[in-house]
Structures are given as structure tokens and as C-alpha cells.
Engineer: 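Next up is a structure, given as C-alpha cells.
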Amino acid sequence: MSRNNCASFTWAIHNFSYCWQKNDEAIVSPMFSIYMPEETKWKLQLFPRGVASEEDIVFHLLRDNDCKGTEKIKLEYTVDFLAIDGSSLVDITKANEFQRNMRRGSSRYITKTKTVTRHLQQDILTIRLNMIRLNEKVVKMRQIFARTIIAIEKRFFQWPVESFSDLEPNQVQTFLIKSESKEVIMQINLSLASDNEESICFSIYSFDRRLKFSTMKTFIIDSQKQEVDSGQYQYWFNCGNCAKFHLKLSKKELLENKSLYLPNNLLNLNFELTVSTGIAFEGIERGSCEYDLHPFPNDTTENWQKCISHKNISNCPCALITDLTSLHNDQSTCDMKLQTKSNTFPVHTLILSARSPVFKAMFSKDMKEKFNGCVDVSDLEDETVRRFLLYLYSDQLEDLRWSDAFQLFIAADKYAIISLRDICSTVLKNKLTLENACEILVLSDLHQDEDLKEITQKFILKNARVIFKSEEWQIFADENSKLALETMLRNWNEE
């Protein structure tokens, strides 16, 4: 950072040890923009379990195809893995030429278990990328900060296996884990291994497509109520398929110390299961810029501002985001449900009341929802409700297509969540196309979003020769004649 024209990208990955990527699979950073002096877009790819060896961390820097820069850019770049105090653990410096849609990096970097893992605080891996364009005057983009939070769920359960000493080689004991709606999401079978009848085998089946990777700790509760470590395992979920592991103690060892491990012929097992379910949050949190002697064209500056405004920005402390996300995932403490046409979403009335005055009134007064324990949201799609709740609990939004923003806008307006409505409105403004302009215009008029309505009308008039001839406009004009006339007369009225 002491050198001129150096752009810095810092990326924090929370719950790093629960990355589900296997060998030769990458977790990818949010896309970030650097001006050299034209806008170029980049991503950092991290292979947490290496490419050639699972013991190595490998990185690649990818130049995106969708950028305005020159065909070839030569960079000097350094990738640092940062310790708790911000010092560099290990760094590597390279110089490569990047064409569009090209990635460069290392095939072998550092040994994760020996160098990185022991320095992680709260399981957060922080990577810093410094980039310098060689032989060019670069617009200074000093610092960009991004964050990726891997969603994890912790589950603790106890399984008392009765009459354990009578377990036969072909006999199977089954334990089921169910959701709040009583659907089986996981099944654990206990049996004696087919190749060694003294070895105790667990077979795990997952029926929840959200589950990606897990670590499981097993304990035997002995006669003194003490936990005896019986093994720690990690495995990848594949919906409907089986993962197997063996208990650390064999049947013979348990029987030889029956009074300790099998009181009343009961094998009492404790399980601690931690599961990664995907990405809870990813996005650019903030960036600070310094502009050099090359001013941005207006459209490039505007594109950068749009990029910042539409990323998953958060001012919340990371621990708070993680805790509230965990609360959202912990269905055991929920006291209310949202009911769509096909699904039920457990929620906390306290959180919804704090975020929405409509929910607050609904839950604080003697309304039917309060007594029924269920809110009918059958007018919303399941995916919309999922994104809606993610925002209510964590103030985060995943990347939105225009159709996602359209539906979320309706939900936000219905429940008077102004901040979410404003975000969706901004997304819709910047995703206006010839095909969706009529739909967005109807939405803005119906929900009295005057700013969105004005921008949409100006867009339609700017592209009048195409839009007024389209089938979408003919249908729109037939059903919304007053609004169509208002739009067509807008230029005249302004004059």
C-alpha cells in the first residue's frame, strides 16, 4: 500500500473451516471493480482443499469478461494471508498478463493445517490482495473490503441405544432427525461393520438439499455421566446418499468395560453436529477511492455507484449478523409461522415486530394471527419469503434479479419495511429493460413510488419507437389506458 497506484482488496471468510469445497473446487469472492483507468472487474478464487494436494491452499485471480479495460493488462499482485493482529502470515507475489476471462495464480501455495488454521480467530480467514498495473498510470482505488459468511447450523442430540450387547451383525438401529414440520431431514443407522463385526458403524443419510458439509463429534455418556470422546468425523452431504464412519471404540472394548460404558445394557450416545448450509452473506461492504489525473466518464462513475449500492452492504457488526442468522436458522425458539401456499416458515415475533410496524400491530393486538400462531402469506412465493426473512433477520440481500426485486418490493410495501422497499426500487431502476418497463411502471404507480415511476416513464419515452410498437405496450395500454396516456403526454407536459 506504500506504493503509488496500488489497489487493495481485503476478503474475510467467516466459518472458514466449514467450506464445503472439495479438492479442485473454489470458493469465489464477490466481484470487485478496479479502474486502470477503465473499469475492470475481478474475482479471487480460493481452493481451500487445494488442487494437486488437499493439504494446500491454492488461489487464482480471475479477470472477468464483462469489463471495459484493454484486451491485455499486466499486473504485479501480492496475496497475503493475515494473522489475528493483521500481520502477514505468508505472502506470494506474482506478475502476470491478464486477458479478459483469464485466471492466474498458484498451483501450490501453503499448507493449511500447519500455517493458517492455528492463526484463525473465530474461524475467520482474512486474505489481502494488492494489485499494481505495470507500466501504466492507474486510477487509485485504495481499499475495498468484502465479506463472505458461510451459514452453519449446530445440532445436539442424544441417542440411547437399548440392548446394545444383543446387537447382531445384520441388525440395524435407526435414529431420525426431523424438522419442525415433522419431515425427516436426516437418518442415522447404527450397525456392526460387515467386514469386522466388532467395529461399530454409523451410516448417515441426508434428505435436506441445503446441507453441504458437516463435522460430527460423537461421545459415549458413561455410568458417571461423563462424556467419553468416541471420534470426530467430517463428510459431505449428497441428498439421499449415505456417508459412513466408525466409532472409535469397538463392541468388544465396550463389553469388556460394560459397567462403565453400558449401564443396564444401554449405550448412551451424544452427537454434536455442525452443518454448513450455503452462503449466508457475501458482498462488498465498503470501498474508499482516490482518483488520479484520469477522470471517470460519467457512465463509469455511475456504474461504480450502482455496483456499490446493489451489493450486499451492511453496517452491522459481523458477530451480530452471524448471531441473528443463527437465530433465524434455529427453529426451536420460533413462536410464529408464515404460511405460503406450499410451505411454512418458522419465525420470531420479536424480530418481525422490531422490523415491521405491520407485524408489530398484528402481534400486539388481539388479531387472529396472534391466536392462530400463523400468518397467511399465500400471496407471496416461497423464494420471496425466504429472501424477505433473510433481510429481516440479518439486513442482508443476495444478488437480486429484477423479478426478485419486483416481488420483494411488493412484500416490503405490504409490511411497511421502507429500507427494503428503497433497495428494491433502486435495483428495479437499474434493471429497466425494453421487456420489463411496462410491468415496473404498473408496480410504481400502484404502490405510489413516484421516483421509480418518473424514471420508468422517462426510460419508456427515451425508447418510445421500440416500446410503443411492442406487444407488451399494447397489452399494457389496453389494461392501463390512463397511465399509458399520462406517460405518452409526459414530454408535452414538461415542456
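Counting begins at 1 with the first residue of the sequence. These figures come from a predicted structure and were not determined experimentally.
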Engineer: Starting from the C-alpha separation in whole Å, work towards a yes-or-no answer on side-chain contact (heavy atoms from CB on, under 4.5 Å) for Phe468 and Ile460.
Structural biologist: CA-CA 8 Å; Phe468 287 171; Ile460 290 173; 3.7 Å; yes
Engineer: What is the distance from atom CG of Leu61 to atom OH of Tyr77, rounded to the nearest 0.5 Å?
Structural biologist: 6.0 Å
Engineer: We want to know whether Asp449 and Ser425 form a side-chain donor-acceptor pair, criterion being a heavy-atom distance below 3.5 angstrom.
Structural biologist: yes
Engineer: Test Ser206 against Leu211 for side-chain contact (heavy atoms from CB on, under 4.5 Å), laying out the working first.
Structural biologist: CA-CA 8 Å; Ser206 167; Leu211 308 185; 3.6 Å; yes
Engineer: May I ask you to establish whether Arg49 and Phe213 are in a cation-pi arrangement, using a distance under 6.0 Å from NZ or CZ to the six-membered ring centre and at most 45° from the ring axis?
Structural biologist: yes
Engineer: Examine Phe16 together with Tyr18 and report whether their ring centres are nearer than 6.0 Å.
Structural biologist: no
Engineer: Run through Asn343, Thr344, Val377 and flag the one making a side-chain contact (heavy atoms from CB on, under 4.5 Å) with Leu338.
Structural biologist: Val377
Engineer: Could you check Thr148, Val79, Ile27 and say which one makes a side-chain contact (heavy atoms from CB on, under 4.5 Å) with Leu46?
Structural biologist: Ile27
Engineer: Could you point out which residue of Asp379, Asp376, Asp382 forms a side-chain contact (heavy atoms from CB on, under 4.5 Å) with Thr340?
Structural biologist: Asp382
Engineer: Do Thr215 and Gln234 meet the criterion of a side-chain donor-acceptor pair at a distance under 3.5 Å?
Structural biologist: no
Engineer: Tell me whether Asp64 contacts the main-chain N or O of Trp42 through its side chain, where contact means a donor paired with an acceptor under 3.5 Å.
Structural biologist: no
Engineer: Any cation-pi pair here, Lys212 with Trp20, using under 6.0 Å and within 45°?
Structural biologist: yes
Engineer: Once rounded to the nearest 0.5 Å, what's the spacing between atom CD of Glu450 and atom CG of Leu452?
Structural biologist: 10.0 Å
Engineer: Do Arg147 and His14 get their side chains close enough for a donor-acceptor pair, meaning under 3.5 Å?
Structural biologist: yes
Engineer: Do Thr40 and Met131 make a side-chain contact, defined as non-hydrogen atoms from C-beta onward lying under 4.5 Å apart?
Structural biologist: no
